[in-house]
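Please read the structure below before turning to the comments.
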Amino acid sequence: MPPAAVPAEEPAAAEEEEQQQTKGLPALEGLVVGSYCHDVLLRGGRVVGETLGGAAAFVSNVLDAASPPEASFSVVSKVGSDFAYASAPAPERHPPLLCPAPTTSFHARFSDAVASAHAPDRQLRRVNACDPIYPDDLPDRRFAYGLAVGVAGEVLPETLERMIRLCRAVLVDAQALIRVFDAEGGGSGAAVRHIALEGTPYARLLERVAFLKASSEEAPYIGVEMARRRCCVIVTEGRDGCRLYWDDGEARVAPFTAVQVDPTGAGDSYLAGFAAGLLWGLSATDAALIGNFFGAAAVSQIGVPTFHPKMLQAVKQILEEKPIQRSSPCINGTTFTFQRSDKHDELHTALQEAARLMCEQQQNDTATDNCD
């Protein structure tokens with residue numbers, strides 16, 4: 001299946017011109033389009049945390065940590081003058097655009113009930129909404145790949161179409177396409193709900209997208225059987241891992257154990273980890289292991305997680321040294337490989353050891369906090 005390179009209606013001459021324009025650019029430069037947000041976490045009506053949030057923050061965090069050394073990326077995001085996290089690592093490295101509207105803000109209300117993949121442990125309300133990201137906000141140059149990771153309706157259909165024209169391959173989070181927000185009232189913000197993808201202006205763009213990721217909660221709204229005929233669909237299933245669906249096949253990819261503290265950003269971290277796996281030259285199914293790993297890492301901390309250096313060193317060593325049967329760098333190629341390699345299980349075992357390091361560090365940090 002071809003990644004979204006040049007729209008089908010454009011002539012071959014335009015494709016040749018675009019390829020000429022990419023010469024001399026970093027071979028693995030990416031474009032991330034999404035929001036930085038202010039997240040307020042509440043449990044039992046009480047504020048238990050206020051943190052930097054938004055897909056751009058979680059995605060940047062993983063790409064900075066896990067991409068190959070030759071890879072780079074730019075972020076297009078918008079915030080208001082009230083943005084309180086400009087000195088946080090992700091926004092400091094990848095500054096947002098400033099606009100008159102307030103920074104997008106969400107209230108996440110957690111219940112005391114046990115969460116499941118189909119009954120999430122939170123209810124989201126959008127309290128403030130920043131301006132959307134317009135096509136003209138995107139850099140006027142070509143990229144190897146793009147990540148459309150909206151959380152609050154900020155990635156407009158025309159913006160996604162512009163990304164498709166700029167990027168050789170585009171990966172999309174379904175929440176950027178199917179989230180709608182009920183009318184705000186009573187100061188409590190707008191409730192988040194989903195609509196069917198097929199009835200949106202985004203549906204016609206699917207055949208020009210390389211990968212579409214959805215949570216198990218979102219999957220019924222995207223129509224997996226319809227969507228898989230147009231692009232590769234990834235459905236994340238929380239503690240059960242994920243599944244990949246493409247036009248003539250599918251695969252289940254095993255999870256990694258994690259102690260869930262906050263599920264916010266797990267899907268964003270998954271998609272960034274998956275993209276990093278592709279950048280390392282893995283097949284889509286092998287790259288999904290990297291996605292599962294970073295999705296599990298994200299839920300173990302409140303807000304944008306801090307990855308322990310020893311854990312990151314272990315992951316990069318695995319990706320650099322494991323004798324994995326790699327494709328050519330598929331994020332820059334004309335096709336993607338979907339089948340798992342013969343080293344898939346070995347890769348999972350090695351990453352499990354890195355996940356153990358992560359859990360040990362989390363336990364050590366908790367013990368230190370208790371002593372303090």
Side-chain angles (χ1 to χ4, degrees), residues 4 7 29-39 52-63 72-86 88 90-106 124 126-181 190 192 194-195 197 200-206 208-213 265 267-268 271-272 275 304:
E29 185 181 9
L31 174 64
V32 176
V33 179
S35 277
Y36 293 125
C37 299
H38 180 198
D39 287 349
L52 169 68
F58 287 95
V59 167
S60 300
N61 188 49
V62 173
L63 289 179
S72 64
F73 64 97
S74 298
V75 174
V76 178
S77 182
K78 288 184 175 179
V79 299
S81 59
D82 60 338
F83 186 58
Y85 304 98
E92 190 171 51
R93 292 192 191 104
H94 313 284
L97 302 172
L98 191 65
C99 66
T103 302
T104 299
S105 178
F106 281 92
L124 285 180
R126 188 185 67 182
V127 179
N128 291 315
C130 202
D131 290 346
I133 298 169
Y134 297 104
D136 288 347
D137 293 322
L138 306 185
D140 190 18
R141 65 179 189 274
R142 306 293 173 179
F143 296 88
Y145 70 100
L147 289 171
V149 288
V151 295
E154 68 274 28
V155 181
L156 302 172
E158 54 266 36
T159 304
L160 178 57
E161 187 163 16
R162 173 92 173 132
M163 287 186 68
I164 290 169
R165 291 178 180 273
L166 294 177
C167 305
R168 291 189 60 84
V170 176
L171 297 77
V172 181
D173 195 317
Q175 68 181 3
L177 316 183
I178 63 172
R179 274 187 171 182
V180 293
F181 303 89
V192 181
H194 300 131
I195 59 172
L197 175 59
T200 72
Y202 300 99
R204 66 180 178 82
L205 300 174
L206 276 192
R208 294 157 60 192
V209 164
F211 297 94
L212 175 67
K213 184 213 65 88
D268 304 318
L271 189 59
V304 179

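Count residues from 1 along the sequence.
Contact annotation: the side chain of L160 approaches that of L177 to within less than 4.5 Å [non-hydrogen atoms, C-beta and beyond]. Here the side chains of Y202 and P157 are in contact, with some heavy-atom distance below 4.5 Å. Side-chain contact check for V59 versus D173: every heavy-atom pair is 4.5 Å or farther apart. Here the side chains of V149 and F58 are not in contact, with every heavy-atom distance at 4.5 Å or above. F83 has its side chain within reach of Y36: a pair of non-hydrogen atoms, C-beta onward, lies under 4.5 Å apart. Considering only heavy atoms from C-beta on, D131 comes within 4.5 Å of P100 through its side chain. Within the 4.5 Å cutoff, side-chain heavy atoms of L156 are placed close to those of Y134. Counting only heavy atoms from C-beta outward, the side chains of P96 and V75 never approach each other to under 4.5 Å.
Considering every non-hydrogen atom in both A57 and A90, the closest pair reads O-CB, 3.9 Å. The two atoms that bring Q175 and G150 nearest to each other are CG-O, 3.3 Å, heavy atoms only. Closest approach of A148 to V155, counting heavy atoms only: CB-CG1, 4.4 Å. Minimum interatomic distance between L63 and A275 (heavy atoms only, all atoms of both residues): CD2-CB, 4.5 Å. Annotation for A190 and F181: closest pair CB-CB, 3.8 Å, computed over non-hydrogen atoms. Here the shortest heavy-atom pairing between L197 and A203 reads O-CB, 3.6 Å.
Atom-to-atom distance recorded for M163:CE and L166:CG is 8.0 Å, nearest 0.5 angstrom. Between the OH atom of Y145 and the CZ atom of F211 there is a distance of 13.5 Å, given to the nearest 0.5 Å. Taken from NE2 in H94 to CG in N61, the straight-line distance is 9.5 Å, to the nearest 0.5 Å. Note that NE2 of H38 and OG1 of T104 are 12.0 Å apart. Values are rounded to the nearest 0.5 Å. Between the CZ atom in F143 and the CZ atom in F73 there is a gap of 12.0 Å [rounded to 0.5 Å]. Taking SG of C37 as the reference point, atom CG of N128 lies at 10.5 Å (rounded to 0.5 Å).
A salt bridge does not link D268 to K213: none of the charged nitrogens lies less than 4.0 Å from a carboxylate oxygen.
S105 contributes no side-chain N or O that, together with a main-chain N or O of V127, makes up a donor-acceptor pair within less than 3.5 Å. For R142 (side chain) and R165 (main-chain N/O), a donor-acceptor pair under 3.5 Å exists by modelled atom type. Judged by distance alone, the side chain of S60 and the main-chain N or O of A56 form a donor-acceptor pair under 3.5 Å. Judged by distance alone, with hydrogens and angles left aside, the side-chain atoms of S74 form no donor-acceptor pair with the main-chain N or O of L31 at under 3.5 Å. Looking only at distances, a side-chain donor or acceptor of T103 sits under 3.5 Å from a matching main-chain atom of G80.
Residues satisfying the salt bridge (charged side-chain N to carboxylate O under 4.0 Å, His left out) test with R179, not counting sequence neighbours, are none.
For the side chain to side chain contact (heavy atoms under 4.5 Å, CB included) test with V76, the passing option among I133, T159, V32 is I133; the others fail.
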Checklist entry - Yes or no on side-chain contact (heavy atoms from CB on, under 4.5 Å) for V170 and L205, after CA distance, side-chain angles and deciding distance? => result CA-CA 11 Å; V170 176; L205 300 174; over 6 Å; no
